[in-house]
Amino acid sequence: MIDKRLVFSAAFFMIVSSQQVFAQKTQLLIAKNSVGKLQAAIANKKDQKAKMAILNEGIKASELTAADSKTKRYPETWAIKSYLSSYIALLDSDQNNSNKYYDLTLKAIDTAKRFENFEDNSGLIAAANYNVNIKKQQKGNVAYANKEFSAAYTYLKEVSDFFPKDTILAINAALSAEGNKNDDGAFEYYKRAKDNGVRNPVVFQRLSGIYKNRQDTDKAIKTLEEGLSANPYNTLLNNDYINILLDTEKYNEAKQVLEGTLKVDTRSKLLYYLYGYLHQKSTNMGTAELAYNKSLAIDKNYFDALYQLGLVYISDGNDALVPEHRDVAKYASFINRAEVILVQAHEVKPKDKATINLLIEIYTRKNRFDRVQELKAQLDEF
């Protein structure tokens, strides 16, 4: 005889099980439908409140399916969860909740990719990954603004790696690396920006500086030349280019660059100063004097030009005492000019020891020992 209680129990179990399966599939369907609703809301430019309402409904269903012993084994469950979570991370104005779902997105993506056939849901996972990187960019920008350069670099380099052709992202990663004293990181991302066609002169300037610090002056020069090709006569690049040519004693090249630039930029005290310095190095004192005076016509208190012009006059004075063409009057004239210029330089920088020593030399030659003692006393104070 059949026990009717057993029949009833089996039937009850089958009904309950079928209800659970139905409930599981219903929650998965709600989550899936939320994806479509959200995409429609984005396409129709619905406001944030409308999008969040869809997301709240969808994520609730998604979390239920992720917790269920059966549906959590579906790759689709985790792909949908990663997608919905990523949008909450982007759209939720509550930063704590936004950060919570940012972390949940990363976990959901990782789980989704563990399934053998996760490629079937690759579109949702790719969209979630895209949103994650937008969120990383936001986090990186906030960290940079707060001078948390290590965290900023960690976020922004990952975003740049995700969007490797985006030159602005590469520059932002490089700037964060610089803030973190990471020259190798800065070099990598500045170079990525340059290689992808950026024209920003700062990129070329920073790259050149890194090459120079690595003692690779040839690449430093080449980088500045590439920058000037993209930004003709840019002041920052031009000045760095001329300086590195002078530092490496490429005087002819520096002279050509200066002469070409001065035809375009006639109001740069630095360019005239450098042109004067170049001719001074070549003992062409007449041209050096003219260049320094043009520099001082733009800024009468430009110390470097004052100091070097003083040296020019001292050199000319010394030449006037050479026995073959000794001219005491000319000597006195040049020494007087040197005195006037160096006194002015001393007024601009009263604690510059080199200037004081030159003035001591001049006053010693002129037997002005009162001024010599006064200046020596100043040196003793330092």
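What you see below is based on every heavy atom in this structure, not just the backbone, and it leaves out hydrogens, waters and symmetry mates. These numbers come from a predicted model, not from an experiment.
Of the charged side-chain nitrogens involved, at least one lies within less than 4.0 Å of a carboxylate oxygen, so that Glu226 and Lys194 count as a salt-bridged pair. Under a 4.0 Å N-O distance rule, the pair Glu361/Arg365 qualifies as a salt bridge. The pair Asp184-Arg214 meets the salt-bridge criterion, with a side-chain N (NZ, NE, NH1 or NH2) lying under 4.0 Å from an Asp/Glu carboxylate O. Between Asp68 and Arg73 there is no salt bridge, since no side-chain N of the basic residue sits under 4.0 Å from a carboxylate O of the acidic one. Ion pairing between Lys351 and Glu381 fails under the 4.0 Å rule for side-chain N and carboxylate O.
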Determine all donor-acceptor pairs shorter than 3.5 Å in which one atom belongs to a side chain in residues 98-108; sequence neighbours excluded.
from, atom 1, to, atom 2, distance (Å)
Ser98, OG, Ala89, O, 2.4
Ser98, OG, Lys135, NZ, 2.6
Asn99, OD1, Lys139, NZ, 2.9
Asn99, ND2, Gln95, O, 3.1
Tyr101, OH, Glu63, OE2, 3.1
Thr105, OG1, Ser85, O, 3.4
Thr105, OG1, Ser86, N, 3.1
Thr105, OG1, Tyr101, O, 2.6

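Under the 4.5 Å side-chain heavy-atom criterion for ILVMFWY residues, no single connected hydrophobic cluster contains both Leu271 and Val264. Follow the hydrophobic side-chain contacts under 4.5 Å out from Leu156 and you never reach Val202; the two are in separate clusters. Criterion: ILVMFWY side-chain heavy atoms under 4.5 Å apart, direct or through other members. Under it, Ile171 and Tyr189 are not part of a common hydrophobic cluster. Linking Ile, Leu, Val, Met, Phe, Trp and Tyr whenever their side-chain heavy atoms come within less than 4.5 Å leaves Tyr83 and Leu64 in two separate clusters.
The list of ring-ring contact (aromatic ring centres under 6.0 Å, His included) pairs with a residue in residues 148-184, not counting sequence neighbours, reads Tyr130-Phe163, Tyr144-Phe149. Sorted by first and then second residue, the pairs that involve residues 171-181 and meet side-chain hydrogen bond (donor to acceptor under 3.5 Å, both in side chains), not counting sequence neighbours, are Glu178-Tyr190, Glu178-Arg206. For residues 231-243, the pairs satisfying side-chain hydrogen bond (donor to acceptor under 3.5 Å, both in side chains) are Gln205-Asp240, Glu225-Tyr241, Asn238-Thr261, with sequence neighbours left out.
Residues Gln48 and Ser93 share a closest heavy-atom pair of NE2-N, 3.8 Å. Of all non-hydrogen atoms in Ala173 and Ser160, the two that sit nearest each other are CB-CB, 4.5 Å. Taking all atoms of both residues into account, the shortest heavy-atom contact from Ala79 to Leu124 is O-CB, 3.9 Å. Closest of all the heavy-atom pairs between Ile298 and Thr266 is CD1-O, 4.1 Å. The minimum heavy-atom distance between Ala220 and Ser208, with the atom names listed, is O-OG, 3.0 Å. Looking at every heavy atom in both residues, Gln378 comes nearest to Pro350 through OE1-O, 4.3 Å.
For the pair Trp78 (side chain) and Ala66 (backbone), a donor-acceptor distance under 3.5 Å is absent. The backbone N or O of Asn96 lies less than 3.5 Å from a partner atom in the side chain of Asp94, making a donor-acceptor pair. When atom types are taken as modelled, the side chain of Ser315 and the backbone of Leu311 share no donor-acceptor pair closer than 3.5 angstrom. In this structure, the side chain of Ser295 does not engage the main chain of Ala291 through any donor-acceptor pair within 3.5 Å. Formation of a donor-acceptor pair under 3.5 Å by the Asn44 side chain with backbone atoms of Lys46 is not found in this model. Using a distance-only test at 3.5 Å, with no hydrogens or angles considered, no donor-acceptor pair links the side chain of Asp92 to the main chain of Ile88. In this structure, the side chain of Ser62 does not engage the main chain of Gly58 through any donor-acceptor pair within 3.5 Å.
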- Start with the C-alpha distance between Tyr302 and Val348, add both sets of side-chain angles, then the distance that settles side-chain contact (heavy atoms from CB on, under 4.5 Å), and finish with yes or no. CA-CA 8 Å; Tyr302 186 21; Val348 175; over 6 Å; no

- Lys255 vs His279, side-chain contact (heavy atoms from CB on, under 4.5 Å): CA-CA, chis, key distance, verdict: CA-CA 9 Å; Lys255 182 181 176 183; His279 280 280; 3.9 Å; yes

- Task: Verify side-chain contact (heavy atoms from CB on, under 4.5 Å) between Asp216 and Ile210, making sure each step is shown before the conclusion.
- Result: CA-CA 9 Å; Asp216 193 342; Ile210 294 171; over 6 Å; no

- Trace of the side-chain contact (heavy atoms from CB on, under 4.5 Å) decision for Lys281 with Tyr251: CA-CA 9 Å; Lys281 291 281 289 183; Tyr251 298 130; 3.2 Å; yes

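Looking at residues two or more places apart in sequence or on another chain, you find a ring-ring contact (aromatic ring centres under 6.0 Å, His included) between Tyr292 and Tyr273. With sequence neighbours left out, Asp110 forms a side-chain contact (heavy atoms from CB on, under 4.5 Å) with Arg114. Not a single side chain to side chain donor-acceptor pair (under 3.5 Å) links Gln256 to another residue, sequence neighbours left out. Applying the side-chain contact (heavy atoms from CB on, under 4.5 Å) rule to Ala254 yields the partners Leu245, Leu246, Leu278; only residues at least two apart in sequence or on another chain are considered. Residues passing the side-chain contact (heavy atoms from CB on, under 4.5 Å) test with Ser333, sequence neighbours excluded: Arg337. Under the side-chain contact (heavy atoms from CB on, under 4.5 Å) criterion, Lys191 pairs with Phe187, Asp195, Leu207, Tyr211, sequence neighbours left out. Remark: Phe204 pairs with no residue by the ring-ring contact (aromatic ring centres under 6.0 Å, His included) rule, at least two apart or across chains. With sequence neighbours left out, the ring-ring contact (aromatic ring centres under 6.0 Å, His included) criterion links His346 to no other residue.
The number of heavy-atom neighbours closer than 6.0 Å to OH of Tyr277, taken from other residues, nucleotides and ligands shown, is 12 or below. Residue Lys366 places its NZ atom among more than 12 non-hydrogen atoms of other residues, nucleotides or ligands, all under 6.0 Å distant. Around CZ of Arg199, the count of heavy atoms belonging to other residues, nucleotides or ligands within 6.0 Å does not exceed 12. Crowding of Ile168 atom CD1: a count of heavy atoms from other residues, nucleotides or ligands under 6.0 Å not exceeding 12. Residue-environment remark: CG (Asn252) stays at or below the threshold of 12 foreign heavy atoms within 6.0 Å. The environment of NZ in Lys136 is crowded: more than 12 heavy-atom neighbours from other residues, nucleotides or ligands sit within 6.0 Å.
Contact of the Asp161 side chain with the Arg192 side chain is registered, since non-hydrogen atoms from C-beta on lie closer than 4.5 Å. In this structure, the side chains of Glu339 and Val343 come closer than 4.5 Å at one or more pairs of heavy atoms. Between Lys113 and Asn129 the shortest side-chain heavy-atom distance falls below 4.5 Å. Contact check for Tyr313 versus Glu289: side-chain heavy atoms found under the 4.5 Å cut-off. With a 4.5 Å cut-off on side-chain heavy atoms, Lys212 and Asp247 count as touching. In this structure, Leu306 and Leu342 have side chains that are not in contact, with every pair of non-hydrogen atoms separated by 4.5 Å or more. Considering only heavy atoms from C-beta on, Gln344 comes within 4.5 Å of Lys300 through its side chain. Looking at Asp327 and Leu321, their side chains never come closer than 4.5 Å, going by heavy atoms from C-beta outward.
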